[in-house]
Amino acid sequence: DESFAYGYRGSLLSRLAVAALHMSDHTLARKAINERRTVHRSTMLPLESAALIRGLLRVHNVTDAIEVLDDELSLPFEGTLITTDENKDRIKHRALCMASIASRHFFEGEPAMAVQACEWLPPPGPIVR
């Protein structure tokens with residue numbers, strides 16, 4: 001039904017993807033992430049992207065987590081106002097996700113990746129404040 005959850009399908013897909021990752025159904029999670037990214041991009045929220053990144057990190061899918069980080073939580077383009085609520089929210093969730101990547105890798109005993117994630121933090125640092 002095309003009218004079901006109109007305007008909320010992107011949110012439902014992100015929740016489905018996170019739940020599928022918890023259940024180790026990586027195929028369903030990948031389908032939900034791809035559908036959300038291609039069809040519902042205009043309704044994606046930073047907090048949903050952050051939840052996806054944390055879910056991907058929990059199942060050790062760092063490559064996809066970094067891809068989602070760079071795609072959905074990218075820094076605003078140069079010259080774009082960073083004071084808008086939308087950009088502030090995206091930057092905040094990006095910084096939190098980079099910290100999650102670092103802490104997850106320190107916890108997993110992979111300091112090289114953790115240090116790399118720490119090195120990603122300074123560029124948005126002045127913006128986050």
Side-chain angles (χ1 to χ4, degrees):
D1 183 13
E2 286 295 313
S3 64
F4 176 74
Y6 182 77
Y8 297 99
R9 281 194 212 117
S11 292
L12 291 173
L13 286 168
S14 65
R15 291 169 190 246
L16 174 64
V18 171
L21 289 168
H22 277 291
M23 303 291 291
S24 296
D25 189 342
H26 300 278
T27 305
L28 179 59
R30 172 60 39 213
K31 286 179 184 177
I33 291 169
N34 288 340
E35 176 76 9
R36 177 178 172 265
R37 186 177 285 167
T38 56
V39 179
H40 303 284
R41 182 173 279 282
S42 63
T43 61
M44 292 190 313
L45 298 174
L47 65 111
E48 296 166 351
S49 300
L52 280 174
I53 291 167
R54 288 189 305 272
L56 289 165
L57 289 172
R58 272 192 295 276
V59 297
H60 306 283
N61 193 340
V62 180
T63 305
D64 285 347
I66 292 171
E67 181 182 317
V68 171
L69 178 76
D70 290 339
D71 180 44
E72 299 179 18
L73 295 177
S74 60
L75 289 173
F77 293 115
E78 190 139 341
T80 304
L81 285 177
I82 58 170
T83 56
T84 64
D85 289 339
E86 179 184 338
N87 282 338
K88 285 181 184 178
D89 202 33
R90 183 182 316 131
I91 292 165
K92 176 184 81 171
H93 285 290
R94 179 179 176 83
L96 290 171
C97 284
M98 288 187 288
S100 291
I101 292 169
S103 66
R104 165 96 18 208
H105 283 85
F106 277 127
F107 177 77
E108 297 287 337
E110 297 176 19
M113 184 64 192
V115 169
Q116 184 179 0
C118 288
E119 290 173 351
W120 296 335
L121 284 168
I127 299 169
V128 173
R129 279 189 252 159

- Taking atom OG of S100 and atom CG of L56, what is their separation to the nearest 0.5 Å?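 One gets 12.0 Å once the value is rounded to the nearest 0.5 Å.
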- State the NE2-OG distance between H40 and S11, to the nearest 0.5 angstrom.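 The distance works out to 10.0 Å.
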- For T63, what residues pass the side chain to side chain contact (heavy atoms under 4.5 Å, CB included) criterion, not counting sequence neighbours?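 Expected list: N61.
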Checking [X] now: which residues fulfil salt bridge (charged side-chain N to carboxylate O under 4.0 Å, His left out) with it, not counting sequence neighbours?
X: R58; value: none
X: R90; value: E86
X: E67; value: R37

Does the side chain of [Y] come within less than 4.5 Å of [X]'s, by heavy atoms?
X: V62; Y: H105; answer: yes
X: L69; Y: I101; answer: yes
X: M98; Y: I66; answer: no

- Let me see the working for L45 and H93 under side-chain contact (heavy atoms from CB on, under 4.5 Å), right down to the final yes or no. CA-CA 10 Å; L45 298 174; H93 285 290; over 6 Å; no
Quiz: residues 106-117 side-chain donor-acceptor pairs under 3.5 angstrom, not counting sequence neighbours:
none

- Item | Residue of the set L96, I53, V68 for which side chain to side chain contact (heavy atoms under 4.5 Å, CB included) holds with L73 |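 Of the listed residues L96, I53, V68, the side chain to side chain contact (heavy atoms under 4.5 Å, CB included) partner of L73 is I53.
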Not counting sequence neighbours, which residues clear side chain to side chain donor-acceptor pair (under 3.5 Å) with [X]? List them please.
X: R15; value: none
X: T84; value: N87
X: S14; value: none
X: D25; value: none

- Item | salt bridge (Lys or Arg N to Asp or Glu O under 4.0 Å) partners of residues 47-56, not counting sequence neighbours, each pair once |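 Non-adjacent pairs meeting salt bridge (Lys or Arg N to Asp or Glu O under 4.0 Å): R36-E48.
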Check [X] against [Y] and note the closest heavy-atom contact, atom names and distance.
X: D89; Y: P46; value: OD2-CG, 3.7 Å
X: A17; Y: L52; value: CB-CD2, 3.4 Å
X: G55; Y: L21; value: C-CD1, 3.7 Å

